[in-house]
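Presented below is the structure to which this report refers.
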Amino acid sequence: MSFQNPVFIPGPTNMPEDVRKACDMPTLDHRSPLFGAILHPCLDNVRKVLKSEAAQVFLFPSTGTGGWETAISNTLSPGDTVLAARNGMFSHRWIDMCQRHGLKVRIVETPWGEGIPTARFEEILTADTGHEIKVVLATHNETATGVRSDIAAVRRAIDAAKHPAMLFVDGVSSIGSMDFRFDEWGVDVAVTGSQKGFMLPAGLAILGFSDRAVQAGRTATLPRTFFDIQDMAKGYANNAFPYTPPVGLMNGLRYSSSLLLEEGLENVFARHHRIAEGVRRAVSAWGLELCAVDASVQSDTVSAIRTPAGFDASRIVAHAAERYGVAFGTGLGEVAGKVFRIGHLGSLTDVMTLAGLATAEMVMADLGLNIRLGSGVAAAQDYYRGHALQAKKAA
Ligand SMILES: *Cc1c(COP(=O)(O)O)cnc(C)c1O
């Protein structure tokens with residue numbers, strides 16, 4: 001790998017230099033007001049990024065996976081039932097975690113490349129007249145397949161079934177990069193991590209809880225200690241943590257979240273969409289297909305690209321790293337060897353993206369795939385030239 005090249009993996013993402021510097025802090029007393037001056041702007045900014053007025057925001061020293069555990073362990077009891085679609089590696093892992101916690105998971109097996117089957121969810125919820133299902137789990141953006149699901153439609157399915165289940169959303173690879181509406185979509189718990197849209201090193205689980213999800217914790221009996229949101233809330237009330245907080249990372253979050261808000265969330269989303277669209281133009285110029293089955297589910301943060309049958313896609317990732325010092329994402333689970341992934345979220349520009357596309361072309365040509373050098377780059381250039389960023393003033 002070369003430290004000079006950007007990475008094109010869907011997390012951890014590239015870090016702006018000033019975000020890195022914001023993480024570099026001298027030791028400070030985390031029980032002093034100095035810490036509160038870092039903590040509270042983080043909580044306020046994250047709430048804004050989630051598009052929520054009232055969500056309670058929690059930050060744990062962890063990653064997105066710890067965020068999943070925080071969500072379920074604070075709201076559910078052993079034997080409770082949750083509903084989830086399995087359409088990629090990340091939805092699979094959240095399901096697996098629920099099972100290991102003694103929850104029953106009503107799994108809707110869904111082809112990898114498709115989004116959450118909301119009509120099927122509505123049928124299942126309508127049939128669940130005893131309200132066994134306590135929570136609907138939804139992976140907003142399946143990072144393994146580059147598929148974005150429609151969370152508003154999941155909410156409509158729950159409401160149409162007149163079902164009281166809560167809605168928990170894994171937004172690890174969408175929040176801070178693609179439109180996310182905690183309040184409007186009636187989300188009860190949103191989960192993300194520091195190393196994707198927030199452009200930080202890994203190390204923080206970032207969550208929003210609705211009042212209802214917080215209240216569910218009063219009767220839920222799954223064990224929780226490190227990830228107990230009640231302990232955390234008590235800490236926050238005193239400008240503190242129940243244990244030692246990762247102050248540098250949190251100072252980084254204070255800074256990176258303010259960058260997102262200054263750019264304006266709608267501008268951030270538009271930038272991700274543009275960059276992604278350039279990548280998609282390149283993929284189609286190469287004559288390749290996305291894993292995402294159609295345009296309605298294509299992710300603006302990661303593209304999973306199918307390689308021709310019989311060709312092991314992981315060779316692209318290995319060769320790019322060895323020969324050109326560039327990181328692409330490998331295929332996971334069911335699509336291992338069948339796709340390679342270009343991550344395009346976080347701190348990224350047109351110019352960086354063009355370099356990634358040019359590298360992918362060299363790699364594929366080296367490995368004997370029928371790719372004309374420059375074809376994808378030219379398609380992306382055409383798109384970027386014709387769609388210059390017109391930033392709207394942040395509200
Ligand atoms: C990265 C990712 C995770 C896992 O997060 P970690 O921070 O690696 O624990 C979970 N869900 C999705 C959708 C992801 O992209």
Side-chain angles (χ1 to χ4, degrees), residues 7-15 46 50 58-73 82 84-98 100-101 110 112-116 136-151 154 167-180 187 189-208 226-227 246 249 252-253 256 272 276 291-292 297-304 327-335 339-346 348:
V7 295
F8 296 95
I9 49 177
T13 62
N14 299 296
M15 282 184 272
V46 168
L50 294 175
F58 295 102
L59 308 173
F60 287 91
S62 185
T63 69
T65 304
W68 287 338
E69 188 161 332
T70 303
I72 62 175
S73 68
V82 303
R86 176 155 48 202
N87 64 340
M89 200 61 191
F90 292 93
S91 45
H92 166 70
R93 286 190 187 145
W94 204 4
I95 287 168
D96 173 59
M97 175 185 277
C98 288
R100 294 200 216 179
H101 277 74
T110 305
W112 289 35
E114 292 183 13
I116 294 171
V136 174
L137 302 180
T139 300
H140 186 196
N141 189 69
E142 235 318 336
T143 317
T145 57
V147 163
R148 177 179 45 81
S149 285
D150 184 348
I151 302 300
V154 177
L167 172 58
F168 290 6
V169 182
D170 172 345
V172 180
S173 62
S174 59
I175 290 170
S177 313
M178 298 195 302
D179 196 13
F180 189 91
V187 175
V189 178
V191 178
T192 187
S194 49
Q195 80 276 23
K196 300 200 182 174
F198 286 106
M199 306 172 286
L200 290 162
L204 287 174
I206 300 170
L207 295 106
F226 188 81
F227 291 124
L249 263 178
L253 177 62
S256 75
H272 281 83
C291 182
V297 295
Q298 288 166 353
S299 164
D300 283 341
T301 59
V302 53
S303 295
F328 294 111
T330 194
L332 301 172
E334 248 180 50
V335 291
V339 307
F340 75 102
R341 294 175 301 154
I342 299 182
H344 35 79
L345 76 162
L348 211 61

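In listed order, ligands and their atoms are each counted from 1. Not measured: the values here are computed from a predicted model.
- Remark: the backbone N or O of Leu204 is paired with a side-chain donor or acceptor of Ser194 at under 3.5 angstrom.
- Against a heavy-atom cut-off of under 4.0 Å, Ser173 is close to the following atoms of ligand 1: 13 (C), 15 (O).
- Heavy-atom proximity to Thr65, at under 4.0 Å, picks out these atoms of ligand 1: 4 (C), 5 (O), 6 (P), 9 (O).
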Discussion item. side-chain contact (heavy atoms from CB on, under 4.5 Å) for Ser256 and Met15? Distances and angles first, verdict last.
Written reply: CA-CA 9 Å; Ser256 75; Met15 282 184 272; over 6 Å; no
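- Between Gly64 and ligand 1 there is a heavy-atom distance shorter than 4.0 Å.
- Assignment of Trp68 to the shell around ligand 1 is supported, since a heavy atom sits closer than 4.0 Å.
- Residue Lys196 has at least one N or O atom closer than 3.5 Å to an N or O atom of ligand 1.
- Near Thr143, meaning under 4.0 Å from any of its heavy atoms, are these atoms of ligand 1: 12 (C), 13 (C), 14 (C), 15 (O).
- Classification of the Phe60-Phe227 ring pair by plane angle, with boundaries at 30° and 60°, yields perpendicular.
- Taking a 4.0 Å cut-off on heavy atoms, Gln195 registers as neighbouring ligand 1.
- Of the possible polar contacts, none joining the His140 side chain to the Ser173 backbone as a donor-acceptor pair under 3.5 Å is found.
- Atoms of ligand 1 found under 4.0 Å from any heavy atom of Asn141 (numbered from 1 in listed order, with element): 13 (C).
- Which parts of ligand 1 touch Thr63 is read off a 4.0 Å heavy-atom cut-off, strictly below it: atoms 6 (P), 7 (O), 9 (O).
- The protein non-hydrogen atom at the shortest distance from atom 11 (N) of ligand 1 is Asp170 OD2, 2.7 Å.
- Shortest non-hydrogen contact noted between His272 and Gly346 is NE2-N, 3.0 Å.
- Side-chain polar atoms of Ser91 and Glu142 form a donor-acceptor pair below 3.5 angstrom.
- At a cut-off of 3.5 Å, with distance as the only test, no side-chain donor of His101 or Ser73 sits close to an acceptor on the other residue.
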